[in-house]
Amino acid sequence: MVLAEQLRAAGVRRGDLVGLALDQMTGAGVAAAGAAPIGLGAEVADVAAALTHADADVGPRWVTWSAATASAALGLGWEIPRSWDLAAVHRLLVGGWRAEPQQIWATAHGLPAPVLAQRAAPPDLFSIDAADDDGAGAGPVRADGQLRSDWPAGSWRRDPASLAAWAGCALEVAVRQAEMIEALPDRPLASTVARSESAAELLCAELGARGLPVDVPEAERLIAAFVGPRPRTEADADAARAARDESVLRHAPPGTTYLLRNPAHVKSLLRSAGIEVTDTRAWRLEELRGSHPLVDDLLEWRKAERIATTFGYAWLDAHVGPDGRLRGEWTGSDGAAGRMTATVGLHTLPAELRPAVVAEPGHVFVRADLGQIEPRVLAAVSGDRALAAATRDDDLYAPVARDLGVDRATAKVAVLGAMYGQTTGHGAQALRRLDAAYPVAMSYLREADVSGQVGRDLRTRGGRLVRLGPIDEAGLDEREARRRAAARGRYARNATVQGAAAELFKMWAAVVRTRLAGTRGEIVLCLHDELLLHVPSQAGAEAAAMVVDALGEAAARWAPDRSVRFVADVAVIDRWSDAKG
DNA sequence: TGCGGCTATTG
DNA sequence: CACAATAGCCGCAG
């Protein structure tokens, strides 16, 4: 194959960075250091085959602009094995969420942040930024060194030569990013994290494409138990809704009208039954359960209404394909601490509906979740030897309870309270004992808290920038300014732990993903501290052992001093709900 | 039509 | 009801 030979001729070795730009319709562009950019178009009969072969033969680390490149590759029938994702690394370096090529380029080149046009639609020939029209030629880079704002979206620039130029830009940025990552003071893990964050982007593209297996008839049965059978007509749906409402409204005084979807009305309705509440949240009403049938019926109505509006038949129809796969969009790192997010309720599926997530015939799920990940991560990032010692126990809270001289439940609340920034209530007493038992961990959290309060940016252990400034408290009274400072403090305190946990989780997921490559097993869900794998039945036990081993590998990479132990619960199951939650 | 408030679900 | 997220409905401002 031509491409593989060209890469070899350019001296590309396994793991070297090679720029990649893809367009499903028109071809691909590839750029390697020391070689002229290579455009793969009409002359290459099968672009996917050429890339697949080049990958197997040479095995570079493909530089992608974003997860969209991975999606395009999947569209061509090729799963990128490893990448350097410019958007993911950019987010690591400078925090936040937006990572357009123009911003990525400017950051990597030390240029001022470009003013990004707010575009509702992709650019066309008539919406070119005036600054782009500078006579610097047709390439991607403007005379002022910035990237042109209309690259590469315009369809007139998806020819192989333009894609090759685009791949060349990607390679150049990746080299600069790698230097910046390497130069981060006191963050030796950042290069490793950059690669696992890149892998997470690949995984996001794959999760979006493959979806989560759902037993649709079972899902319909579960939904029906809450809101009745699938309505056949609009009138049917209205009648079912009215019937649901009536189950609550029958408790209202005759001649009154209350709208159940308006909290103020619900409060009035409760008052009409002699019940005074400051708000109508379920946890508050739960305390009043049994005191009046209205409360019980209202709580049941809320549950059904939630299913009807968010996880009902419309949801099923919109997001579950004819192949029984539930598909949403995945993001590799959110704006705050860098956790993965997913749309269409993949992360908030109510426990009652989880029995509908069923492995396909001949397959099983391997469900694995990290145990007590946040306190273990706190022990690692802070370097607290006493807390690290507690991680040797399968149940970290047992030794912590002994260290604090309290019961397990109190110990757990205290530790979580410290990580979330709770300063009042039941945990306050135990918090003082935490200070005495784990001074290093507690001062780590306190320092993060102070950073948040004064608006000083932080980096997680893996190097992700958590942006905390600038603070705008114009027009705030002192009370409100203090309240916001405290909120920033709690946010910062938590971000250092949650963000580090997200890094470890993604590293684990990346190792698992690599080990599954070439097998018929696949990751189908990531849920902050939990992985769900879908594998052929006969491979279940092997995959279960593999995820445990993969955790060992990820932990050794992320926390190389080995002082902290990480544990995972693993089960081979047919339904997501089969394992304990 | 966009946005903040309220509510629900999850880790 | 601490920390984070997505998502839906309501009322209100523009």
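Because the structure is a prediction, the values reported are computed rather than measured.
Between A/Q498 atom CD and B/dT10 atom P there is a gap of 17 Å when expressed in whole angstrom units. Summarising the geometry, the separation between CD1 on A/I373 and C1' on C/dC3 is reported as 16 Å, rounded to the nearest angstrom. In this structure, the CD atom of A/E329 is 14 Å from the C1' atom of C/dA7, given to the nearest Å. Between A/D529 atom CG and C/dA5 atom P there is a gap of 17 Å when expressed in whole angstrom units. Taking atom CZ of A/R281 as the reference point, atom P of B/dG5 lies 12 Å away to the nearest angstrom. Distance A/K506 NZ to B/dG11 C1': 15 Å, rounded to the nearest Å. With rounding to whole Å, A/K303 atom NZ is found 16 Å from B/dT7 atom P. What separates CG of A/L378 from P of C/dC3 is a distance of 17 Å, to the nearest Å.
For the pair A/R325/A/E360, a side-chain contact is recorded, criterion being any heavy-atom separation below 4.5 Å from C-beta on.
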For nucleotides 10-14 of chain C, print each protein N/O atom paired with a nucleotide N/O atom at under 3.5 Å, atom names and distance only.
unit_1: C/dG11; atom_1: OP1; unit_2: A/N262; atom_2: ND2; d: 2.8

For a quick test of your reading: what N or O donor-acceptor pairs under 3.5 Å do the side chains of residues 496-503 of chain A make, sequence neighbours left out?
unit_1: A/T496; atom_1: OG1; unit_2: A/R493; atom_2: O; d: 2.8
unit_1: A/Q498; atom_1: NE2; unit_2: A/N494; atom_2: OD1; d: 3.1
unit_1: A/E503; atom_1: OE1; unit_2: A/G462; atom_2: N; d: 2.9
unit_1: A/E503; atom_1: OE2; unit_2: A/T460; atom_2: OG1; d: 2.4

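Counting any heavy atom pair closer than 4.0 Å across all strands shown, A/A282 reaches sugar-phosphate atoms only and no base atom. Using a 4.0 Å heavy-atom distance criterion, A/R284 is classed as making no nucleic acid contact.
The NZ atom of A/K506 sits 10.5 Å away from the CG atom of A/L203 when rounded to the nearest 0.5 Å. For the atom pair CZ of A/R241 and CD of A/E246, the computed distance is 14.0 Å after rounding to the nearest 0.5 Å. Rounding to the nearest 0.5 angstrom, the gap separating the SG atom in A/C526 from the CG atom in A/L207 is 5.0 Å.
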Problem set entry | Verdict with supporting geometry, A/T310 and A/W315, side-chain contact (heavy atoms from CB on, under 4.5 Å) | CA-CA 7 Å; A/T310 308; A/W315 168 78; 5.9 Å; no
For this session: Evaluate the side-chain contact (heavy atoms from CB on, under 4.5 Å) criterion for residues A/E352 and A/I307: first the C-alpha distance (whole Å), next the side-chain angles of each, then the deciding distance (0.1 Å), finally the verdict.
Result: CA-CA 10 Å; A/E352 293 93 335; A/I307 299 290; 5.6 Å; no
Problem set entry | Worked verdict on A/H534 versus A/W576 for ring-ring contact (aromatic ring centres under 6.0 Å, His included) | CA-CA 10 Å; A/H534 189 244; A/W576 192 14; over 10 Å; no
Exercise. Stepwise, does the side-chain contact (heavy atoms from CB on, under 4.5 Å) test hold for A/L527 with A/L532?
Worked result: CA-CA 8 Å; A/L527 193 41; A/L532 194 66; over 6 Å; no
For this session: Applying side-chain contact (heavy atoms from CB on, under 4.5 Å), run through A/R302 and A/E305 and close with a yes or a no.
Result: CA-CA 5 Å; A/R302 281 264 174 84; A/E305 185 68 4; 5.6 Å; no
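Here the options are A/V570, A/V567, A/D569, the test is side chain to side chain contact (heavy atoms under 4.5 Å, CB included), and the partner is A/V548; only A/V570 passes.
Scanning residues 305-313 of chain A for heavy-atom distances under 4.0 Å to DNA chain C yields A/T309, A/T310. Within residues 482-492 of chain A, the residues that place at least one heavy atom under 4.0 Å from DNA chain C are, in residue-number order, A/R490, A/Y491. Heavy-atom distances under 4.0 Å link DNA chain C to A/D334, A/A336, A/R339, A/T341, A/A342, A/T343, A/V344, A/T348 of residues 333-359 of chain A, given in residue order. The stretch residues 214-235 of chain A does not touch DNA chain C, since none of its heavy atoms comes less than 4.0 Å from the strand.
More than 12 heavy atoms of other residues, nucleotides or ligands sit less than 6.0 Å from atom CZ of A/R250. Summarising the local packing, CD of A/E234 is surrounded by 12 or fewer heavy atoms from other residues, nucleotides or ligands at distances under 6.0 Å. Environment of CZ in A/R392: sparse, with no more than 12 heavy atoms of neighbouring residues, nucleotides or ligands closer than 6.0 Å.
Closest approach of A/W508 and A/A568 over heavy atoms only: CZ2-CB, 4.5 Å.
Ion pairing between A/D317 and A/R230 holds under the 4.0 Å rule for side-chain N and carboxylate O.
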